Structures are given as C-alpha cells and as structure tokens.
There are 2 protein chains.
Amino acid sequence: MDIEQHKIPQATAKRLPLYYRFINNLHSQGKQRVSSKELSEAVKVDSATIRRDFSYFGALGKKGYGYNVEYLLSFFRKTLDQDEITKVALIGVGNLGTAFLHYNFMKNNNTKIEYAFDSNADKVGTEIGGVPVKHIDELEDMVKGDITAAILTVPSAAAQGITDRLVQSGVSGILNFTPARITVPEHIRVHHIDLSIELQALVYFLKHYPLEAGEEQEE
Amino acid sequence: MDIEQHKIPQATAKRLPLYYRFINNLHSQGKQRVSSKELSEAVKVDSATIRRDFSYFGALGKKGYGYNVEYLLSFFRKTLDQDEITKVALIGVGNLGTAFLHYNFMKNNNTKIEYAFDSNADKVGTEIGGVPVKHIDELEDMVKGDITAAILTVPSAAAQGITDRLVQSGVSGILNFTPARITVPEHIRVHHIDLSIELQALVYFLKHYPLEAGEEQEE
DNA sequence: GGCAGATTGTGAAAAACTTAACGACTATCT
DNA sequence: AGATAGTCGTTAAGTTTTTCACAATCTGCC
C-alpha cells in the first residue's frame, strides 16, 4: 500500500486537497454524481488531468456515468487521512498567523492547530479561533513528541532560529511563510509560500505572458 | 525582445523574484561575487537549474569566476521592470489583507498597492501600511483605467461577485487567496493561493512521501 | 607567463507532467 | 430494442522542466 502510494505524482498529490474540498461542496449540495468535465469547470483543472489523477487510485468512476459523489467523498476522506488528525503548531500570531487561525478552525478536518506561540505578552493566554496562544518559551515543552508540523508566520529575522528549535523538538514538516529560505536537516520537509514573490510573479506573467483567447491558465 | 521573452519557461519566470530578492540581500551585505553553488544553498534551488535559468537571459556570469553581484542586480532590476511600477488594489482588509498591506509596503519595488477596499465602515478612511482604505462601493471609480492587478482577500462567498466587478473595471490579473475558484474571461490571469490546501498538501506529503537522507526537496 | 583549480553555459538525456484520442461501457430516449 | 449522447480509464504522444556531465575558459597564484 505504501509502495503503491509512492507512484502518485507529486503534482497529483498537490491537487488532492483541492478535489476533496470541491467534492465536499458537491455533497453538501446534495449532488449525486459528477463528471470529470463538470469537476473540471469547478476546480479549473483539465478534465483529462482529473481522470488521470483519479485513476492513480484505481477505478473510482463508471464509464458512461461519471463519479458517484458519495463514494468519491468517502474515498478521499480515507485517502487524505481524515480520520487520523495531524497536529500542527503555529508560530507567530501576527496578522498572517491570526488569519490562519481563523481560517483553519472552520475548514480543515485532517489537521488541527493545537497551539499557537508568540512572544507578545498581550497575546499569550488568549485564544484565537479556538486555539490557545502560548509563550514562545514554552515551544519545546508543548511541541515535543506531540506535534507533526509547524506553520511559520514569524518575522523573517526570527525564522531560522525558530526553525532550529522546531527541528529540535521533532516536527517533520514546516510551512514557511517568511521570505527567508530556512535550512533544515535532510529529513525535514519545508514548503515555502512567499506572498511577495507570488505577487511579483503574477505581475511578471501579466507583462510577459499576456493571455490570448483560448489559452489556458496554469498555476 | 518580446519574442525572446517568450522563450523563458514559466518555471523559470516563477523563480525570478526569488533570485532577485537574494541577489539584493547579497548586495546589501557588500558581497562582490557569487557562484551558482552558493546561490543554490541560499535559495534552495539546484545550482544547474540556476545556471540554466540565468542562461535564458544570455551569459550573465564568467567562467571560473561566477556572477558579479552588482551586474546581476542591475540586470534583474531591469528585467523585472523595477522602474515601471505596477499598480495593485487589495480587496478585503481582514487579517490576511492587513498582513499583505504591511508586508508589501516594506518589500516590493516593482508593485505598489495603491488602494485597499473594504465594506467595514470602521476601516474605511484609515491607512494601513501606507495604503488608504476605501469603501468597496468606490471600487469601480478608483480601479478603472489605473489598476493592473488585484489581490483578493475577501470571504469566499464574496469572491466571484468582487471578481466580476474587478474584471469589469479592467484589471488583468488577480491573486486569489479565497478558497473559491473564480471564473473569469479568458484574457484575465488568475493565480490561486489557498492556505488550507497548502497545509493539507504538506501533511499529505509528510505521510506519503517521507524524505530519505539525500532526497531533495521540491518547490 | 603558465598552471591548478574553479565555474560557467549548454548539449543531451532523463524525468515529470499534461493533453489528445479512443475503445469500452452506461444511461436514456424514442 | 436500437440508436444516441455521454463518460471513464488508459495508451500514446506531446510538452515542460530538471538534471547530468563536460568542454571552454576564466581566476588567482607562484
């Protein structure tokens, strides 16, 4: 099973949470079935790509019919490990961190932000989006052995220092929102999301890759 | 020139702002020269990829020496259109929007957030990170003919409605932070950044693609 | 001036990803 | 029942991106 999992392309893996959300939506709307074409319009991914993505998990649909929403949903729930909740910590309760705390609380099922950490005494002891805010000094104690991943929304100057402490405390993944490119041991996974770069990249594309009619969007 | 520009792979284009930032850092630190290997360690991109990326713009470096930081910087400044500022609007001054306003003000040189819009009367009339907050009713008037791109940080229920108004008002690109996948005419470019999906994707990778020693990171 | 060592730029290959196309099958209409 | 329209799963082709590997060539030093 784990070996099979490894055959799934990373590009596909990145789209799974997107699919999952939209299938969830469809289910809430009481929709019974959905075709790759319909789904394609909703998530803005080519229908052939969707069929290909789904096929990595076996035959989820029926020819001439489409996909049963109920079945698809239960399948994704299982695949994305909805049952087993991954515990996450958030470091840095600024605007971005706060946004995430509110956001997360409402939407995610397979991850839970257990604690948030900040150095600001005014914030410590409060609760945001249902998540208790702890002092950064408590980081090691709270994280050790319990937390799998961390969301890094601290000022960039603090990024590497906090990262080292997180790694020490045993997290295996970091979602880094700071502009700093952090250095970690090989077995730690880091995903970078850089708001400033995203905006600059969009602008660059606007100037140099004007969309012609009929041209498709990538992301 | 424009035809030449079109040869640059999109993957490369997305890395340019990243390179630019780090070259800027090096320059501030007074560094004279840098090799692709050094830069690779800083930005976490394979050195061969960096050399290939740079080579699309011609021979920027010198064999046996590396790249001259000063020259590289001036080249990137020109290429990323630092001189010609792209005007941007931000819609939705919640936590995420506020984070962006602070962030942007400090860092970007080729883009400027001219206005922010919100429907909350308490926010309208204030200024955040140097950006004036206008009422959402003024959107069309302020944007029309002047603003090239928009950052969408509104609640997802409002996303499509605001999008339509932005398109009407002539923006050509949208950076969409809402979970909704918005529909736009073909000539409008949309980049989606979905915080919730990023977290779920990271968790999925942690579970199914554990990093072995020596394995490289993507993104 | 010449040589050892470093580093680029790039051809070629590999890897990763997307898309087109179609056979096989379903559902529905007449 | 047969015809029609729709849909999946997949093979094969196409495209994009990354990586390897090395000749060319520059630097720095003696």
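As the structure is a prediction and not an experimental result, all values here were calculated from the model. In what follows, every chain begins at residue 1, and chains take the letters A, B, ... in the order their sequences are listed.
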Write down the distance between [atom1] ([X]) and [atom2] ([N]), rounded to a whole number of angstrom.
X       : N      : atom1 : atom2 : value
B/Phe54 : C/dG9  : CZ    : C1'   : 13 Å
B/Leu60 : C/dT10 : CG    : C1'   : 14 Å
A/Asp53 : D/dT10 : CG    : C1'   : 14 Å
A/Tyr65 : D/dT4  : OH    : C1'   : 20 Å
A/Ile50 : D/dT7  : CD1   : C1'   : 13 Å
A/Ile8  : C/dA16 : CD1   : C1'   : 15 Å
B/Phe57 : C/dG9  : CZ    : P     : 13 Å
A/Tyr56 : D/dG9  : OH    : P     : 13 Å

>> Just to be sure I understand the rule, does A/Thr12 reach a base, reach only the sugar-phosphate, or reach nothing, if contact means heavy atoms closer than 4.0 Å?
In response: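 Result for A/Thr12 = nothing.
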
Taking any heavy-atom pair under 4.0 Å as a contact, classify B/Tyr67: base, sugar-phosphate, or nothing.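 Sugar-phosphate: the residue B/Tyr67, judged by heavy atoms under 4.0 Å, touches backbone atoms but no base.
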
* State, to 0.1 Å, how close B/Val143 and B/Ser169 come at their nearest heavy-atom pair, and which atoms those are. =>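 Where B/Val143 meets B/Ser169 most closely, the heavy atoms are CG1-CB, 3.7 Å.
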
Search all heavy atoms of B/Leu80 against all heavy atoms of B/Pro17 and return the closest pair with its distance.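 Smallest interatomic distance, heavy atoms only, reads CD1-CA, 4.1 Å.
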
Tell me which nucleotide among [options] gets nearest to the side chain of [X].
X       : options                : value
A/Arg51 : C/dA21, D/dT27, D/dC20 : C/dA21
B/Lys63 : C/dG9, D/dT18, C/dA27  : C/dG9
B/Lys62 : D/dC26, C/dT19, D/dC20 : D/dC26
B/Arg33 : D/dG28, D/dC8, C/dC17  : D/dG28
A/Asp46 : C/dG9, C/dC17, C/dT19  : C/dT19
A/Ser36 : D/dC8, C/dT10, C/dT19  : D/dC8

Can you sort out the partners of B/Lys62 under salt bridge (Lys or Arg N to Asp or Glu O under 4.0 Å), two or more places apart, ordered by chain and number?
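Expected list: none.
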
Is a donor-acceptor pair below 3.5 Å formed from side chain A/Arg52 to base C/dT19, judging by atom type as modelled?
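Yes.
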
Check: Are A/Tyr103 and B/Asp194 side-chain neighbours, meaning at least one heavy-atom pair lies under 4.5 Å?
Finding: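 Yes, their side chains come closer than 4.5 Å.
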
Worksheet item: Taking atom types as modelled, is there a side-chain donor on A/Asp164 or A/Gln160 under 3.5 Å from an acceptor on the other?
Response: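 Yes, A/Gln160 and A/Asp164 have a side-chain donor paired with an acceptor closer than 3.5 Å.
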
